[in-house]
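Hydrogens, waters and symmetry mates play no part in the numbers below; they use all other heavy atoms, side chains included. In each ligand, atom 1 is the first atom listed, and ligand 1 is the first ligand listed. Remember, it's a predicted structure, so these values are computed and weren't measured experimentally. Position 1 is the first residue of the sequence; numbering continues from there.
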Amino acid sequence: MIDINSVVAGYTPEVDILKGMTLQAQPAEIVTLLGPNGCGKSTLLKTIAGFLQPRSGTITLQGKDISTLPAHHKIRHCRIGFVPQTENVFSALTIRENLQVGGHFMSEVDCRARIDELCTLYPILRKKFNTPAASMSGGERQILALARALMPGPSLLLLDEPSAGLSPKVLLEVFEAIQQVRSKEQVTILIVEQNAMEALRISDRAYVLSMGAVALTGSAAELLNNPQVRELYLGGRAA
Ligand SMILES: Nc1ncnc2c1ncn2[C@@H]1O[C@H](COP(=O)(O)OP(=O)(O)OP(=O)(O)O)[C@@H](O)[C@H]1O
Ligand SMILES: [Mg+2]
């Protein structure tokens with residue numbers, strides 16, 4: 001349903017960061033993107049979300065060419081949710097206010113009903129509803145960032161390192177939250193992750209990126225058992 005075909009993109013006219021990126025994800029699939037620092041993982045998500053325009057190539061969502069639509073249009077009209085790698089919640093705003101920002105273009109009634117739904121899915125949000133996000137732990141913030149992006153009911157969710165900086169236990173809770181939303185709302189999820197083993201365990205398929213293009217792809221199980229992937233991303237650990 002999301003089809004990225006030979007996409008070339010970059011921040012300055014002279015330098016291409018994505019050098020012909022081609023990948024797909026099917027409805028309700030969880031797909032992990034792995035790759036070394038600086039290979040273009042965040043750039044890819046930013047390009048899909050519309051913060052960068054492809055120089056060439058196409059991005060198609062449910063058959064519609066969305067390659068050059070700006071981010072605000074994609075969020076509002078194409079049902080794309082994006083949780084960036086950093087600064088993904090408003091610390092000074094309460095949990096309620098953060099969720100309202102996520103639903104700013106929804107009607108008041110719909111917004112309130114959706115907040116209620118998400119607080120039922122993620123009870124921690126209700127518990128701290130009127131406290132500033134600054135008072136949340138790292139894992140709680142990631143859940144809030146996820147819920148904020150889920151406010152308008154996206155069909156495609158882009159998550160950039162949702163487990164960064166989290167302890168192993170909290171990381172599992174965040175991944176559990178991601179799995180829950182996939183099964184409850186049938187969202188297609190693209191996750192960029194450094195914690196390869198844990199991410200692959202909740203994924204259907206994965207891509208390994210290198211220097212702005214796809215180096216390797218397969219089912220999550222295949223990549224978990226691939227000696228090269230194990231060596232590079234799983235510290236040589238057996239799956
Ligand atoms: N806003 C920007 N302006 C110019 N260059 C940028 C910008 N953001 C990233 N880059 C460059 O683009 C390249 C890819 O960066 P990107 O953030 O996509 O990597 P990444 O794979 O997400 O890395 P990491 O694992 O460290 O998050 C890097 O060389 C980086 O310096
Ligand atoms: Mg990144």
Min N/O separation C39 to ligand 1 under 3.5 Å =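 Min N/O separation from ligand 1 is below 3.5 Å for C39.
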
State whether the shortest distance between N or O atoms of G38 and N or O atoms of ligand 1 falls below 3.5 angstrom.
->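 Min N/O separation from ligand 1 is below 3.5 Å for G38.
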
Do side-chain atoms of N98 reach the backbone of L93 as a donor and acceptor pair under 3.5 angstrom?
->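 Such a contact is found between N98 side chain and L93 backbone.
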
T43 N/O/S atom closer than 2.8 Å to the Mg ion (ligand 2) |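 For T43, the answer is no, given that no N, O or S atom comes within less than 2.8 Å of the Mg ion (ligand 2).
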
State whether Q85 contributes an N/O/S atom found under 2.8 Å from the Mg ion (ligand 2).
->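 Coordinating: yes.
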
Of all the atoms in ligand 1, which lie at a distance below 4.0 Å from a heavy atom belonging to [X]?
{"X": "Q85", "value": "27 (O)"}
{"X": "N37", "value": "23 (O), 24 (P), 25 (O), 26 (O)"}
{"X": "I17", "value": "12 (O), 13 (C), 14 (C)"}
{"X": "Q194", "value": "25 (O)"}
{"X": "E161", "value": "25 (O), 27 (O)"}

Taking atom CD of Q228 as the centre, report whether more than 12 heavy atoms of other residues, nucleotides or ligands fall under 6.0 Å from it.
->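 Count not over threshold, so no.
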
Atom CD of Q186 with >12 non-hydrogen neighbours under 6.0 angstrom =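 Check passes, neighbour count above 12.
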
Got the closest protein heavy atom to [atom], with its distance?
{"atom": "atom 16 (P) of ligand 1", "value": "T43 OG1, 3.5 Å"}
{"atom": "atom 17 (O) of ligand 1", "value": "S42 CB, 3.6 Å"}
{"atom": "atom 10 (N) of ligand 1", "value": "Y11 CE1, 3.4 Å"}
{"atom": "atom 25 (O) of ligand 1", "value": "K41 NZ, 2.7 Å"}

Sub-4.5 Å side-chain heavy-atom contact between [X] and [Y]:
{"X": "N37", "Y": "Q194", "value": "yes"}
{"X": "K46", "Y": "S42", "value": "yes"}
{"X": "C111", "Y": "M151", "value": "yes"}
{"X": "L159", "Y": "L45", "value": "no"}
{"X": "Q26", "Y": "T188", "value": "no"}
{"X": "C78", "Y": "L69", "value": "yes"}

Indicate yes or no: does R114 engage E117 in a salt bridge with an N to O separation below 4.0 Å.
->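 Between E117 and R114 there is a salt bridge, with a charged N closer than 4.0 Å to a carboxylate O.
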
For atom 2 (C) of ligand 1, is some protein heavy-atom partner under 4.0 Å away?
->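 It does: a protein heavy atom is found less than 4.0 Å away from atom 2 (C) of ligand 1.
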
Would you say atom 31 (O) of ligand 1 has a protein heavy atom nearer than 4.0 Å?
->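 No, because not a single protein heavy atom sits under 4.0 Å from atom 31 (O) of ligand 1.
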
